[in-house]
J.: 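Let me begin by handing over the structure; questions about it come next.
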Amino acid sequence: MKIGLACPYTWDVPGGVQVHVRDLAEALVALGHEVSVITPVGDDSALPPYGVDAGHAVPVPYNGSVARLLMGPVSAARVRRWLREHDFDVLHVHEPTAPSVSLLACMLADGPIVATFHTSNPRSKILTAAHGALQPSMEKVRARIAVSEAARRTLVEHLGVDAILIPNGVSIPTFERAAPLPEPVSNGSTVVFLGRIDEPRKGLDVLLAALPALMERRADARLLVAGPGDGEAVLERVEPGLRDRVHLLGLVSDADKPRVFRSGEVYCAPNTGQESFGIVLLEAMAAGVPVVASDIDAFRRVLDDGQAGRLFPVGDATALAHTLADLLADPARRGRLAERGRAVVAAYDWTVIAKRIVGVYEMVAGDRPVSLAANSA
Ligand SMILES: Nc1nc2c(ncn2[C@@H]2O[C@H](COP(=O)(O)OP(=O)(O)O[C@H]3O[C@H](CO)[C@@H](O)[C@H](O)[C@@H]3O)[C@@H](O)[C@H]2O)c(=O)[nH]1
């Protein structure tokens with residue numbers, strides 16, 4: 001099949017939607033399909049061979065995060081050209097309610113369109129206000145996929161439509177085979193955090209607040225913190241006497257990311273809410289590292305109701321410190337959790353998930369390929 005994927009967020013800024021689109025594209029290519037991805041990008045040398053540059057996006061605060069979005073005549077012209085130059089059997093847009101490339105593609109195309117919804121936002125004022133304006137584009141979508149129950153609920157509540165649930169995937173071999181980073185990054189009592197360090201929703205502050213109590217029980221404990229953001233500002237939030245216990249890696253490359261997960265005894269996801277799924281949990285389980293995560297609905301589901309990871313009450317730094325100290329002290333329990341994580345994550349490998357998505361493509365694809373809408377040529 002010829003498949004066009006539209007990714008709304010800047011390709012070279014780490015984010016769950018971008019990772020999902022990239023891994024899906026690669027899984028589809030491995031299955032023998034022809035794929036092209038249109039996306040905003042900061043540095044177009046970051047694009048893979050199947051990537052098409054839709055222009056530079058602007059940062060906009062959105063759902064407790066900063067989304068880099070793109071609308072306007074230049075990007076509309078690029079999307080139009082992309083559609084015209086490819087006879088896609090299926091157009092698959094991601095997050096088409098965000099004002100960016102996916103919405104443009106929906107507005108400009110006709111034919112077999114599939115949309116995947118990623119966001120969990122129970123009280124989205126933007127979605128409520130935009131409902132009427134989005135309606136014509138949403139009506140063109142022949143099949144909707146939600147990556148999680150939370151994303152599905154957001155869709156039902158705001159747009160009054162339902163979706164098939166197909167979760168995010170992870171490329172298990174990439175994570176399970178990675179070598180840990182060399183010493184001294186990993187010291188045998190390391191807690192890993194990987195995420196956008198400035199974003200309160202990712203909860204790094206909860207982990208930093210847990211550090212003093214953790215150190216009281218495990219004097220050798222250290223934090224390995226990876227992800228984009230202002231590292232200096234993070235260190236200022238740590239007691240001066242404990243700063244040498246925090247090892248900041250900054251933004252890591254996609255090649256090093258699996259190695260970061262493999263460099264800790266525990267992976268910690270202290271997120272404070274508004275998570276739809278939590279790809280990072282899949283990544284940690286695929287790497288075989290035991291997970292400690294906030295007890296939010298999305299994480300509880302991915303962690304098999306707490307069987308495949310230890311949950312602690314959201315924002316409770318004391319409970320987190322004790323959970324981490326207990327696990328660092330107990331290699332056998334860590335081994336059991338990691339084993340359970342490996343068993344759970346097997347169902348999320350991209351080889352499994354991509355086939356389910358192709359099943360949806362087959363359901364909607366017809367005799368006629370995707371074309372430019374009559375009023376957009
Ligand atoms: N290479 C690299 N990747 C990073 C870095 N920091 C974070 N990432 C990657 O960025 C992605 C972040 O994904 P999520 O934690 O799932 O969060 P999100 O960007 O807020 O995504 C939203 O959509 C996801 C996809 O459906 C949802 O999983 C998530 O809960 C959330 O709603 C993960 O793949 C993570 O490994 C870094 O420094 N380097």
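Just so you know, ligand 1 is whichever comes first in the structure, and atom 1 is the first atom listed for that ligand.
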J.: Which of the numbered atoms in ligand 1 are below 4.0 angstrom from a heavy atom of L251?
T.: 37 (C), 38 (O), 39 (N)
J.: Look up atom CD in E236 and atom CZ in R243, then write down how far apart they are to the nearest 0.5 Å.
T.: 6.5 Å
J.: Can you name the residues that form a side-chain contact (heavy atoms from CB on, under 4.5 Å) with V93, not counting sequence neighbours?
T.: A6, L91, P96, S102, A105, C106, I113, A115
J.: Looking only at side-chain N and O atoms, does E26 offer a donor or acceptor that is under 3.5 Å from a partner on Y50?
T.: yes
J.: Just let me know how T119 lines up against ligand 1, side chain, backbone, both or neither, with a heavy-atom cut-off below 4.0 Å.
T.: neither
J.: Any side-chain donor-acceptor pair under 3.5 Å between S276 and S148?
T.: yes
J.: Please work out, at 4.0 Å between heavy atoms, whether the side chain, the backbone, both, or neither of S253 comes within that distance of ligand 1.
T.: backbone
J.: Which of the numbered atoms in ligand 1 are under 4.0 angstrom from any heavy atom belonging to D254?
T.: 1 (N), 2 (C)
J.: Does an N or O from G16, backbone or side chain, lie closer than 3.5 Å to an N or O of ligand 1?
T.: yes
J.: Return the minimal non-hydrogen interatomic distance between A25 and V37, and the atom names on each side.
T.: CB-CG2, 4.0 Å
J.: I'd like to know whether V52 forms a side-chain contact (heavy atoms from CB on, under 4.5 Å) with R78, so could you lay out the CA-CA distance, the side-chain angles of the two residues, the decisive distance to 0.1 Å, and finally the verdict.
T.: CA-CA 9 Å; V52 172; R78 290 186 186 191; over 6 Å; no
J.: Report the part of V19 (side chain from C-beta onward, or backbone N, CA, C, O) that has a heavy atom under 4.0 Å from ligand 1; answer both or neither where that applies.
T.: side chain
J.: From atom 22 (C) of ligand 1, work out which of H94, R22, R201, R196 has a heavy atom at the shortest distance.
T.: R201
J.: Heavy-atom pairs closer than 4.0 Å: do any link ligand 1 to the side chain of D256, the backbone, both, or neither?
T.: neither
J.: For T351, what residues pass the side-chain contact (heavy atoms from CB on, under 4.5 Å) criterion, not counting sequence neighbours?
T.: D349
J.: V252: heavy atom below 4.0 Å from ligand 1, yes or no?
T.: yes
J.: Can you sort out which atoms of ligand 1 are near I279, meaning under 4.0 Å from one of its heavy atoms?
T.: 16 (O), 25 (C), 28 (O), 34 (O)
J.: Identify, by atom number and element, the atoms of ligand 1 in contact range of L194, meaning under 4.0 Å from any of its heavy atoms.
T.: 4 (C), 5 (C), 6 (N), 7 (C), 8 (N), 35 (C), 36 (O)
J.: Under 3.5 Å between some N or O of ligand 1 and some N or O of N168?
T.: yes
J.: Under the criterion side-chain contact (heavy atoms from CB on, under 4.5 Å), I'd like the reasoning laid out for L194 against V252: C-alpha separation, chi angles, the key distance, then a yes or no.
T.: CA-CA 9 Å; L194 183 136; V252 291; 4.2 Å; yes
J.: Below 3.5 Å, N or O to N or O, backbone or side chain included: is there any such pair between Q274 and ligand 1?
T.: no
J.: What part of K202, side chain, backbone, both or neither, has a heavy atom within less than 4.0 angstrom of ligand 1?
T.: side chain
J.: CD of E232: more than 12 outside heavy atoms within 6.0 angstrom?
T.: no
J.: For ligand 1, which is the ligand I care about here, please tell me if G278 has any N or O atom under 3.5 Å from one of the ligand's N or O atoms.
T.: yes
J.: Does H20 have a non-hydrogen atom less than 4.0 Å from ligand 1?
T.: no
J.: Less than 3.5 Å between some nitrogen or oxygen of V147 and one of ligand 1, yes or no?
T.: no
J.: If you count the non-hydrogen atoms of other residues, nucleotides and ligands that lie under 6.0 Å from CZ in R368, is the total more than 12?
T.: no
